[in-house]
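Worksheet: one structure, shown below.
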Amino acid sequence: MIDLKSPRLSRGAYRLGVMLALACAVATPATAAVMSAWQLNVYRDGAPADWLQGNNRLLGDSFDNGNPLVGSAFSSTGTAATYLLLGVAPGVDPALAARETGGKLLLDPAYAAAATNAQGGVGASLRLRLLTNITDPLAGLNRGRSFAASLRLGLDAMPDAGQSFGLRFSDAFSNNNDVIELFAAHGAAGTNIVFRKQNFVAGTITALGSTALSAPVGAGALVLSLNHNTVDSDVISASYAFADGTGALITPFTGFAATTTAFQGELYTRLELRATGPSPVPEPAAWALFAAGLGLLAARGSARRR
């Protein structure tokens, strides 16, 4: 019980109430979809025909060890792949934002900090970056080698309005002018598969392709793929397919007609898995608690005047 007759006690109680309300407003996410990834495959060297056969696989991560920051071993080194989680909101436990359970990676953009896109638009952006080499010319996702990355996303956890789930090649480690993205996004017309490029130096976003998500009967996952098919080329292409509940492909890959370029000023790119949403805002319940705290202050002031 709060004693309004005691200035010291009521001051402490008020401060505690406001601190709790603010913490709740910052850390309590709105209810929304959570990105559910089943499998990540990264290929290096060879060609798309090889990759479809499962050959030249650099990494196959089934997200089944319970740790989203440590994956399966790279085939080239035998060492475990590691990830860096980026974009978590201040004060949030990273384990809430990214976790592995039941052979799935879950990325929850409700726990992401506010971020701006290349044109200054504000939203929430949670990224899990695969840490590949960016110094050794014989390693990493290098311009001088062919490579691709494919991600299986569960169709039972597609994005809600204002959200997007997918993957991207990013040079955020250098000049951030080649951020190439492929994702499922929920907009006014429903869910679409979107291919685009962001250039944070020029402040531009280039739309490269968009198609309505239309899953065939028996599909359990959407498979997104970004490809660098040609050695010593700047060209990046994108395609998508559908898989059944076991992860096996049930459709061929459909490629977007447009391509784009990377490697302007660097020889490497890095892969990021990404879940986005609207700019994070407190839930109504959190605002109610905060308002209660303000009411407590007003009541205390009134009592002291009396």
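All values below come from the heavy atoms of this structure, side chains included, with hydrogens, waters and symmetry mates left out. For clarity, every value in this text was computed on a predicted model and none was experimentally measured.
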Treating Ile, Leu, Val, Met, Phe, Trp and Tyr as nodes and any side-chain heavy-atom pair under 4.5 angstrom as an edge, say whether [X] and [Y] lie in one connected cluster.
X: Leu85; Y: Leu131; result: no
X: Leu226; Y: Trp38; result: no
X: Leu153; Y: Ile193; result: yes
X: Val179; Y: Tyr83; result: no
X: Ile205; Y: Leu182; result: no

State the [atom1]-[atom2] distance between [X] and [Y], to the nearest 0.5 angstrom.
X: Thr260; Y: Ile180; atom1: OG1; atom2: CD1; value: 5.0 Å
X: Glu272; Y: Glu181; atom1: CD; atom2: CD; value: 9.0 Å
X: Leu267; Y: Arg145; atom1: CG; atom2: CZ; value: 13.0 Å
X: Leu208; Y: Lys197; atom1: CG; atom2: NZ; value: 8.5 Å
X: Lys104; Y: Met35; atom1: NZ; atom2: CE; value: 13.0 Å

Taking [X] for its side chain and [Y] for its backbone only, find out whether a donor-acceptor pair lies under 3.5 Å.
X: Arg152; Y: Gly247; answer: yes
X: Asp244; Y: Ala248; answer: yes
X: Tyr268; Y: Thr135; answer: yes
X: Glu100; Y: Asn65; answer: yes
X: Thr191; Y: Leu213; answer: no
X: Arg127; Y: Ser125; answer: yes
X: Ser62; Y: Asp64; answer: no
X: Asn227; Y: Ala148; answer: no
X: Asn199; Y: Thr206; answer: no
X: Arg270; Y: Ala172; answer: no

Close side-chain approach of [X] and [Y], heavy atoms under 4.5 Å:
X: Thr211; Y: Asn192; answer: no
X: Leu271; Y: Leu40; answer: yes
X: Tyr111; Y: Leu126; answer: no
X: Thr276; Y: Phe183; answer: no
X: Leu130; Y: Leu59; answer: yes
X: Phe165; Y: Leu107; answer: no
X: Val42; Y: Phe147; answer: no
X: Asp178; Y: Thr269; answer: no

To check you understand the geometry: which heavy-atom pair defines the closest contact between [X] and [Y], and what is its length?
X: Leu224; Y: Gly166; answer: CD1-CA, 4.0 Å
X: Val223; Y: Ser150; answer: CG1-CB, 4.3 Å
X: Ala118; Y: Phe200; answer: N-CE2, 3.4 Å
X: Gly71; Y: Asp61; answer: CA-OD2, 3.3 Å
X: Arg44; Y: Gly140; answer: NH1-N, 3.1 Å
X: Pro159; Y: His186; answer: O-ND1, 3.1 Å

Does Phe263 have any ring pair (Phe, Tyr, Trp, His ring centres under 6.0 Å) partners at least two apart in sequence or in another chain, and if so, which? His228
Enumerate donor-acceptor pairs with a distance under 3.5 Å from any side-chain N or O in residues 46-56 to protein atoms, sequence neighbours excluded.
| residue | atom | partner | partner atom | Å |
| --- | --- | --- | --- | --- |
| Asp50 | OD2 | Ala47 | N | 2.8 |
| Trp51 | NE1 | Asp45 | O | 2.8 |

How about Ser237 and Thr259: does a side-chain donor come under 3.5 Å of a side-chain acceptor?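 No - no donor-acceptor pair under 3.5 Å links their side chains.
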side-chain contact (heavy atoms from CB on, under 4.5 Å) between Asp171 and Asn176, intermediate numbers included: CA-CA 5 Å; Asp171 62 356; Asn176 212 28; 4.2 Å; yes
